Number of protein chains: 2
Amino acid sequence: MKKLVLLLLLAGSSLAQTREDSVIIRKIYNETLTNGQGYEWLRYLCKQVGPRLSGSEGAKKAVVYTQQLMQKQGFDRVFLQDVKVPHWVRGKKEEAYIHVGKQKISVPIAALGGSIATSAKGVEAEVIEVKSFQQLRELGKEKVKGKIVFFNRPMDPTKLNTFEAYGSAVEQRANGASEAGNLGAVGAIVRSVSTVQDDFPHTGSMRYATGAPLIPTAAISTNAANLLSDKLKESPTLTFYFRQNCETLPDADSHNVVGEIKGSEFPDEIIVVGGHLDSWDLAEGAHDDGAGCVQSIEVLRVLKAIGYKPKRTIRAVMFMNEENGLRGGVKYADLAKQNNEKHIAAVESDNGGFTPKGFGVVGRPDQKAKIQTWKELLAPYSLHEIGPGGGGADIGPLAQSGTVLFGYKPDSQRYFDVHHAPNDNFENVNKRELDLGSASMAAIIYLLDKYGI
Amino acid sequence: MKKLVLLLLLAGSSLAQTREDSVIIRKIYNETLTNGQGYEWLRYLCKQVGPRLSGSEGAKKAVVYTQQLMQKQGFDRVFLQDVKVPHWVRGKKEEAYIHVGKQKISVPIAALGGSIATSAKGVEAEVIEVKSFQQLRELGKEKVKGKIVFFNRPMDPTKLNTFEAYGSAVEQRANGASEAGNLGAVGAIVRSVSTVQDDFPHTGSMRYATGAPLIPTAAISTNAANLLSDKLKESPTLTFYFRQNCETLPDADSHNVVGEIKGSEFPDEIIVVGGHLDSWDLAEGAHDDGAGCVQSIEVLRVLKAIGYKPKRTIRAVMFMNEENGLRGGVKYADLAKQNNEKHIAAVESDNGGFTPKGFGVVGRPDQKAKIQTWKELLAPYSLHEIGPGGGGADIGPLAQSGTVLFGYKPDSQRYFDVHHAPNDNFENVNKRELDLGSASMAAIIYLLDKYGI
């Protein structure tokens, strides 16, 4: 009987708890949807700051802007962390054409981040089109030597989650140059890893494998990739010309930008919410990842605005250099270790500012089980997918200290239309979708703060 | 023991069934995402046909285009149903300004569908701003007489589902003129029922209540509504001028367009999938509801393409005149009754071509329970919300004969950014989102066909 009473009491208190939680989560959404600031902050970051590749003037401006922005919000502490970052520059705009007989057809390309330049005259050669590294290796040195390899495997349109399709196509961009170089190719052209047919080349990082010859490599728009493939069917001995002027300069000084609200009960337990401040040089970096940055700052603003006093310390972190080095994420985790900071959880938004679907979770089974008990609090906000999927690149290095990672998971259908391309601009972000993301992140931060993990 | 064996056999066969279903549903998605045609059909409907308000040349062209399109798909039967439709025309573009002292500030308005014109000189009067009919009635005749009433209640941004927010704001557009006219107002200006702040007026239908005086009414863009409200605070006696030239002509001849695949086992049981072919005159009607039309045709194409032979008769229906009369939907149901047709289920897509979330269902509890057993087949496709929400306006009249109604429910965040406004254009539709909608509709049609309801 006593047991029964205890159980009923517990059940009653847990129900009251749930009711209180749902009221606070509703407040979070109301505040964000009514007074959301993230969209205007993003407008500034896109239009006044602009592209912000690591080492660039834009990246410097972005550090200053977000630092001042968080100071203005009245967070308890705003500070910078020094980070040395790679400094790759595109230089003069690339030039490329398909050369068939006397015809020269200009096509849009963009050097891949980390690539070397061509010679000043450019490079011109016959083209070998392949869909996989396997196919390339089977062709062998004899057929590849002196040629430009054209990696033309599209993203698989049948994957419902476009990140899966990206994952299985992006090796062409990341490692294609070395695979081609190892067989004697003089250049590598990679089909843009994109979900649409258009004229934008999508850049992104590549790296040369140890010992592989350094050959220049660039992305070509999906329309131009189709054109090149068609032309090759008609004229297998056509040539492709490209010239690019990119360069890797010495590492540059940069920063992570951190703002925090001090915890009232467990100030030494830290919860991070972040995005990355750097972007590619060709775009405003609106979805990738201006969205994640302003959402993270918005999470802290919203918690303050509704009068919620966190028990634990909540930090908004603008990581530097996710795109071509991850130095900011690594540095953040190093400093956390060095300073004996206890990071219980970290939430990253780096999948675009689209309508929320859920969170990927990386943690122990018991932690994941605890998170599942929050599902019904989140379901009214269409956060149905809690669990599957990863955390985020920048927060990844925290995992080794046992931090539970959350990757904010918005709808993925439009992300790779704009990813790393000039159309990743402010106009392609929807205010309500962005705000709903901020609110979803604030809701999970609230639950993590209240219940720990 | 026999019972146990039977149960195991049944369980086994049901498992095998589910496996077969999930294979076919996967095929549906693969076909749609790989070879989807809806997007190009929509391009044609938006760019070559264009706006298609009932009675317009565009509406005529749309009938011919979709009829020929379905004939080309080789459906078993394609036919027209005659429908008499209202024929309202906007006439010459409206003109409007705020008149403060010597200053005239031009503002964008659009006459509401069904409104009368102003006199040729236009109407100018002082403005009474209200947020509700209640507030207007409390002001009473004395204060309203001779004025222009300005209905300025925005959509509630805190509603997660924007259709709810629309539902609680749209009465201003539908009935505002009569509410104002009954108190002696000379015109009614309505804040666009929109989720964004911009310069597009959003039109839509209105109707005069029986016995209410006929006064001209128009929508004003959200930016201009804010401006007018601000100016009124400074200068309560400012005047507003507008002129519009719209007119209701005699009813016109038009058509529903129907294409069908004959059922192999129960040809007399009909399942409808449809959208409405008419749009407002200011827009291409891409999301509203070109999307629903091409998705419906795509459903039949996809089922054919994967070699699925339906047991029941599946019909794609392009309803005419949803926007300002619903005559097509009413006529379709009337003919169904007249011809003793048995419509077991109807699916409508009229909420935009966005990422799928689920289906609203209108039916008996036992029918709803049966549909719930399909949930796990649909969850892998992010169709988590099966049940809540309504059917669709055009299929509504079928309900009285016991047809189960399904309203396709995509993500609602962006719909009212463009609804009934000039930016409801092809460029604002995403191919993958549109295709996923078609596939979701084909999946539910497949289950309805296979298992009945």
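Everything numeric here is computed off the predicted structure, so don't read it as measured data. Only this structure's heavy atoms are used, side chains among them; waters, hydrogens and symmetry mates stay out. Labels below follow one simple rule: chain letters A, B, ... track the order of the sequence lines, proteins then strands, and each chain is numbered from 1.
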In terms of heavy-atom proximity below 4.5 Å to chain B, should A/Thr32 be classed as side chain, backbone, both, or neither? neither

For a 4.5 angstrom cut-off between non-hydrogen side-chain atoms, does A/Tyr29 reach B/Thr158? no

How about B/Asp156 and A/Leu33: do any of their side-chain heavy atoms sit closer than 4.5 Å? no

Does any backbone or side-chain atom of B/Glu31 lie under 4.5 Å from a heavy atom of chain A? Answer side chain, backbone, both or neither. neither

Take A/Ser382 and B/His384 through the side-chain contact (heavy atoms from CB on, under 4.5 Å) test and state the conclusion after the steps. CA-CA 9 Å; A/Ser382 287; B/His384 299 291; over 6 Å; no

Can you say whether A/Lys357 sits under 4.5 Å from chain B via the side chain, the backbone, both, or neither, judging by heavy atoms? side chain

Under a 3.5 Å distance rule, please check whether B/Arg432 uses its side chain to pair with a backbone N or O of A/Pro157 as donor and acceptor. yes

Please check if atom CD in B/Glu376 has more than 12 non-hydrogen atoms from other residues, nucleotides or ligands closer than 6.0 Å. no

With chain B, which of A/Arg414, A/Gln413, A/Glu433 has the greatest number of heavy-atom pairs at distances under 4.5 Å? A/Arg414

Checking heavy atoms, do the side chain of A/Asp417, its backbone, both or neither come under 4.5 Å from chain B? side chain

How many angstroms lie between OG1 in A/Thr355 and CZ in B/Phe354, if you round to the nearest 0.5 Å? 9.5 Å

Taking it one step at a time, do A/Gln197 and B/Lys431 satisfy side-chain contact (heavy atoms from CB on, under 4.5 Å)? CA-CA 10 Å; A/Gln197 298 304 321; B/Lys431 182 176 189 304; over 6 Å; no

Examine whether an atom of A/Asn430 lies under 4.5 Å from a heavy atom of chain B, and if so say whether it belongs to the side chain, the backbone or both; otherwise answer neither. side chain

